[in-house]
Amino acid sequence: MDFRSLHFSLDLVAGSGLVLSPEQKATLQTSLVILKRHYKFTRVVFWGKILGIKADYYIAQGIGHDEISDKKTLYSLNCMEWNLLPPATKTMIDETSVIKGCFLGDPSHDYEHIETRKDEEGHEAQEEEITVKIKEEQRLAAAISLIDKEAAVVPRGAYIKTPHGLVHTNRSFEGLSVSDAGKLSSYFHFAEPVHLKQKSLLEKADLDPSIDFMDSLENDIPKGSWSLQFEKCSSVLVLRSLLWCGLTFYHIPMTPQHGYIYMGTGLKNIDLPFML
């Protein structure tokens with residue numbers, strides 16, 4: 001969600017209960033301008049808010065030369081002072097997946113996890129218990145990375161891939177038609193594709209490589225993990241993720257206006273397959 005249209009965009013997703021106070025909006029619009037100049041980002045988006053017990057994390061992302069791969073994530077506890085998050089690696093995501101419960105709101109807090117490892121040296125294998133410490137800052141980076149991969153949404157045609165492999169905003173995008181806006185196949189995951197690479201050449205024959213380079217939401221498992229609705233007298237399309245409760249996407253048909261925001265606990269709804 002572009003910080004320059006924060007007031008307008010938040011009004012469109014307010015039906016989900018995603019709101020900020022006037023003071024927070026004003027502070028964000030000032031601090032994110034300074035953030036963009038300081039880090040020399042091409043543009044800055046307000047990603048959302050992860051709720052904590054003691055304090056909440058306000059998340060922003062700075063975009064560089066590539067909209068998907070050249071992206072940095074920052075967090076703040078007061079909407080003014082921003083700190084860079086470390087890039088989330090596969091090892092970091094695996095280690096933080098064992099942590100349960102809500103975020104505390106303290107980036108320096110250490111979670112302790114006991115791992116059992118086998119020592120196969122010698123004739124007999126011995127099990128050894130090792131205490132692993134994980135900072136909440138690492139857990140925050142891993143949670144944001146997972147949400148981006150599994151729930152970040154863009155409409156088809158909003159971004160293009162250049163012959164050099166870079167992903168840019170499509171300036172000629174004029175929005176989806178009303179009929180296409182009501183189809184789940186018109187929306188893509190805003191991340192590197194996974195299922196697209198597994199398709200055969202015959203299945204890719206009808207795809208446009210410049211705009212169809214991401215995974216479609218219609219192939220998500222489990223089926224029914226997205227709620228698609230028209231709101232405000234059918235003038236706004238709203239998508240809500242049931243897998244990551246708190247992720248809301250909006251698009252105004254026939255206009256380039258679109259965006260998404262996450263406001264939630266940062267916990268995945270692993271019970272969804274049993275709820276459908």
Side-chain angles (χ1 to χ4, degrees), residues 1-6 9-10 13 17-21 23-64 67-97 99-111 133-153 190-191 241 244-249 259-268:
M1 186 176 287
D2 198 299
F3 76 95
R4 293 171 296 182
S5 60
L6 195 60
S9 302
L10 283 174
V13 297
L18 311 179
V19 294
L20 294 174
S21 68
E23 292 82 3
Q24 290 171 338
K25 292 179 186 178
T27 306
L28 283 170
Q29 287 195 311
T30 303
S31 65
L32 291 180
V33 171
I34 300 171
L35 181 73
K36 180 184 175 183
R37 291 178 180 175
H38 179 72
Y39 287 97
K40 298 180 180 179
F41 292 133
T42 304
R43 68 187 186 98
V44 173
V45 295
F46 178 63
W47 186 89
K49 178 172 71 170
I50 290 183
L51 307 175
I53 297 174
K54 293 183 179 179
D56 300 332
Y57 293 104
Y58 297 89
I59 312 298
Q61 287 184 332
I63 314 299
E67 292 281 343
I68 293 180
S69 61
D70 191 7
K71 187 186 297 182
K72 292 183 179 179
T73 305
L74 303 97
Y75 71 92
S76 173
L77 298 173
N78 55 11
C79 299
M80 290 185 293
E81 299 172 353
W82 296 91
N83 302 288
L84 269 174
L85 277 174
T89 61
K90 187 180 182 302
T91 304
M92 187 187 298
I93 294 173
D94 291 340
E95 288 179 349
T96 56
S97 63
I99 303 173
K100 307 299 179 184
C102 296
F103 282 83
L104 191 64
D106 179 9
S108 61
H109 176 73
D110 286 325
Y111 294 95
K133 290 187 177 182
I134 304 168
K135 287 194 175 293
E136 183 160 279
E137 190 179 56
Q138 295 175 317
R139 185 190 178 193
L140 183 66
I144 294 170
S145 176
L146 282 175
I147 294 171
D148 275 340
K149 288 178 182 177
E150 299 180 4
V153 183
F190 196 34
S241 174
W244 291 96
C245 299
L247 191 288
T248 304
F249 165 86
Y260 67 89
I261 188 171
Y262 178 83
M263 287 191 189
T265 58
L267 303 177
K268 190 175 183 178

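Note that this is a predicted model, so its numbers are computed, not measured.
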Pair Trp244, Leu146 - check side chain to side chain contact (heavy atoms under 4.5 Å, CB included), show working. CA-CA 10 Å; Trp244 291 96; Leu146 282 175; 3.9 Å; yes
Close side-chain approach of Arg43 and Glu67, heavy atoms under 4.5 Å: yes
For Trp82 and Leu28, work out which heavy atoms get closest and say how close. CZ2-CD2, 3.6 Å
Heavy-atom closest pair (Tyr75 atom, Pro107 atom, distance to 0.1 Å) is OH-CB, 3.5 Å
Heavy atoms only: give me the nearest Lys72-Leu74 pair and the separation to one decimal. O-CD1, 4.0 Å
If you round to the nearest 0.5 Å, how far is NZ of Lys133 from NE2 of His109? 10.5 Å
As an exercise, state the distance from CG of Leu140 to OG1 of Thr73, rounded to the nearest 0.5 Å. 9.0 Å
Using 30° and 60° as the class limits, which term best fits the ring planes of Phe41 and Tyr39: parallel, tilted or perpendicular? parallel
Do Ile144 and Ile50 have side chains that approach each other closer than 4.5 Å (heavy atoms only, starting at C-beta)? yes
Determine yes or no for a side-chain-to-main-chain donor-acceptor pair under 3.5 angstrom, with Ser31 supplying the side chain and Cys79 the backbone. yes
Quick check against the 3.5 Å criterion: does Glu136 have a side-chain atom that pairs as donor or acceptor with the backbone of Leu104? yes
Of all heavy-atom pairs between Ala152 and Asp148, which one has the smallest distance, and what is that distance? CB-O, 3.3 Å
Would you say Met263 and Val13 make side-chain contact, with heavy atoms under 4.5 Å? no
Find out whether Thr27 and Asn78 are in side-chain contact, i.e. whether some heavy atom of one side chain is under 4.5 Å from a heavy atom of the other. no
Worked check of side chain to side chain contact (heavy atoms under 4.5 Å, CB included) between Phe190 and Ile68: CA-CA 7 Å; Phe190 196 34; Ile68 293 180; 3.8 Å; yes
Where Ser145 and Ala88 come nearest, the two heavy atoms and their spacing: CB-CB, 3.6 Å
Nearest heavy atoms of Cys102 and Ile53, plus distance in Å: CB-CG1, 4.3 Å
By the definition ring pair (Phe, Tyr, Trp, His ring centres under 6.0 Å), identify the one residue from Phe249, Trp47, Tyr58, Phe46 that meets it with Tyr262. Trp47
List the steps, then state whether side chain to side chain contact (heavy atoms under 4.5 Å, CB included) holds for Lys149 with Ile93. CA-CA 12 Å; Lys149 288 178 182 177; Ile93 294 173; 4.2 Å; yes
Just verifying a value: how many Å separate Asp56 CG and Leu51 CG, rounded to the nearest 0.5 Å? 5.0 Å
Counting only N and O atoms by type, is there a donor-acceptor contact under 3.5 Å from the side chain of Ser9 to the main-chain atoms of Leu6? no
First locate atom NZ of Lys25, then atom OG1 of Thr30, and finally report the distance between them rounded to the nearest 0.5 Å. 14.0 Å
Side chain proximity check, Tyr57 to Leu77, heavy atoms < 4.5 angstrom: yes
Less than 3.5 Å apart, any donor N or O on the side chain of Asn83 or Glu137 sitting next to an acceptor on the other? no
Just how far is it from atom CZ of Arg4 to atom CG of Leu32, taken to the nearest 0.5 Å? 11.5 Å
Derivation of the salt bridge (Lys or Arg N to Asp or Glu O under 4.0 Å) call for Glu95 and Lys135: CA-CA 11 Å; Glu95 288 179 349; Lys135 287 194 175 293; over 6 Å; no
For residues 78-89, the salt bridge (charged side-chain N to carboxylate O under 4.0 Å, His left out) pairs (sequence neighbours left out) are none
